[in-house]
Amino acid sequence: MTQPCAGQIPVVVLTGFLGSGKTTLLNHLLHRSGGSRIGAIVNDFGSIEIDAMSVAGQLGDSTVSLGNGCLCCAVDAGELDEYLERLARPSARIDVIVVEASGLAEPQELVKMVLASENPHIVYGGLVEVVDAAEFDATRERHPEVDRHLGIADLVVVNKVDRVPDAERERILGVVRGFTDRAAVVAASYGRVDVELLLDRKPVGERVGQLSFDDLHHHEPDDAHHDHLHSAYESLSFSSEVPMSPRPLMALLDSRPEGLYRIKGYVDFGAADPRNKYAVHAVGRFLRFYPEPWAPGESRLTQLVLIGAGIDVPALEKELEACREYAPQAGAEDEHSMWGVLRYVQEPEGD
Ligand SMILES: Nc1nc2c(ncn2[C@@H]2O[C@H](COP(=O)(O)OP(=O)(O)OP(=O)(O)O)[C@@H](O)[C@H]2O)c(=O)[nH]1
């Protein structure tokens, strides 16, 4: 990855399709960074910043969030510059900055934005692309652009290999290597990669990672963003102070439409489980709940972001509203109401 001058902080761009495991990898880095201090800029597609919430606890003041829309289509890079400035100030004592893109961002545009920054304290540190092994073929079929993204990465993490048989993992690694040139390609579960791979800085000559300056300076017409992945996607951000009723919510989730590819957030099931909030993740047909105790004094909210192509956003919103428990009464939930949710809870395997 790019060789920084003394005092320059490398900025690593972390990309990968919806739900591939970028936030999981970022959290792994934060836990395993040893003596290095990592700053993070998190870009959420929805207006509720679920990803930022998932890493905020780890970072305190060294995380900043760029919510609501893909960073690659920001009108100008000013906001990014402002955040880079904040993280690069000497008092923050940050060694490396990771920009976690939304799952629909265009990696090339993000790299351009980092390179365009005039901040003398930072230097572009390379592009990391996370791939979901279990969704690999389906994602490539729907979005052939993903192959191009692999071609410009410096490090490709083939994640979720725990979800595919060994032979399948080898096949996918082979396909990925076919699209990369000099990039390192590593297999991982729960984003557990050797932190050195990201913090390692190798000189790259006149090329910026796998992306040549010609690629970067190639002029795009003004409407080029129509080709961006996110142009086909819509998102719904749903928030409720009223708890959700488990049975109707599970009926909705179990029958979710094909195009509703990604759901993430936190659910308050109220009286059905007053002790825990439930982080929820759906990626394609895969659904998981992760219960964790409410922190003392934490506001009990349900906050969900749903992202999909060809989804009926107003209808989904109405369906979610109908899952709210309007007249919660003690004992209103029968004792089995959480069973539908608990089917999707697994022992934590991440770190
Ligand atoms: N089985 C398995 N699940 C994983 C792995 N890595 C991540 N996950 C799960 O996949 C889901 C999505 O992970 P995230 O890290 O939120 O993915 P993301 O790329 O940040 O998602 P977006 O920001 O929405 O694009 C979560 O439920 C994770 O726990 C893995 O290696 N194996």
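Computed over heavy atoms, backbone and side chain alike; hydrogens, waters and symmetry mates excluded. Whatever order the structure lists ligands and atoms in, that order sets their numbers, starting from 1.
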Next item on the list: Report, as yes or no, whether the 6.0 Å neighbourhood of atom CD on Glu298 holds more than 12 heavy atoms from other residues, nucleotides or ligands.
Entry: yes
Checklist line | Options Ile307, Thr23, Asn159, Ile263, ranked by nearest heavy atom to atom 6 (N) of ligand 1, top entry | finding: Asn159
Margin query: Out of all atoms in ligand 1, which are within 4.0 Å of some heavy atom of Tyr290? Include the element for each.
Written below: 26 (C), 27 (O), 28 (C), 29 (O)
Margin query: Any nitrogen or oxygen of Ser102 lying under 3.5 Å from a nitrogen or oxygen in ligand 1? Just yes or no.
Written below: no
Check: Tell me, do Asp95 and Ile38 make a side-chain contact under 4.5 Å, heavy atoms counted?
Finding: no
Next item on the list: Check side chain to side chain donor-acceptor pair (under 3.5 Å) between Arg171 and all other residues, then give those that pass, not counting sequence neighbours.
Entry: Asp137, Glu168
Next item on the list: Might you confirm whether atom CD of Glu292 has over 12 heavy atoms from other residues, nucleotides or ligands at distances under 6.0 Å?
Entry: yes
Margin query: List ligand 1 atoms under 4.0 Å from Ser189, heavy atoms only on the residue side.
Written below: 31 (O)
Next item on the list: Give the ring-plane orientation class for His281 versus Tyr290, where under 30° counts as parallel, over 60° as perpendicular and anything between as tilted.
Entry: perpendicular
Next item on the list: Using the ring pair (Phe, Tyr, Trp, His ring centres under 6.0 Å) rule, collect all pairs that involve residues 146-178, keeping only residues at least two apart or in two chains.
Entry: none
Notebook entry, point to check: So is there a nitrogen or oxygen of Gly21 less than 3.5 Å from a nitrogen or oxygen in ligand 1?
Noted result: yes
Item checked: Atom indices of ligand 1 within 4.0 angstrom of Gly103 heavy atoms, with elements -> 25 (O)
Notebook entry, point to check: Near Glu100, which atoms of ligand 1 are under 4.0 Å from a heavy atom of that residue?
Noted result: 20 (O), 23 (O)
Next item on the list: Could you tell me whether Asp162 approaches ligand 1 through its side chain, its backbone, both or neither, with non-hydrogen atoms closer than 4.0 Å?
Entry: side chain
Checklist line | Backbone or side-chain N or O of Gly19 under 3.5 Å from ligand 1 N or O | finding: yes
Margin query: Judged on heavy-atom distance to atom 12 (C) of ligand 1, which of Arg262, Lys264, Arg288, Arg192 sits nearest?
Written below: Arg262
Checklist line | Those atoms of ligand 1 less than 4.0 Å from some heavy atom in Arg163 | finding: 1 (N)
Check: Just going by heavy-atom distances, which of Tyr190, Tyr261, Phe17 is nearest to atom 4 (C) of ligand 1?
Finding: Tyr190
Check: Between Tyr261 and Phe17, does the ring centre distance come in under 6.0 Å?
Finding: yes
Next item on the list: Determine the interplanar angle of the Phe269 and Tyr278 rings, folded into 0 to 90°, and report it as parallel if under 30°, tilted if 30 to 60°, perpendicular if over 60°.
Entry: perpendicular
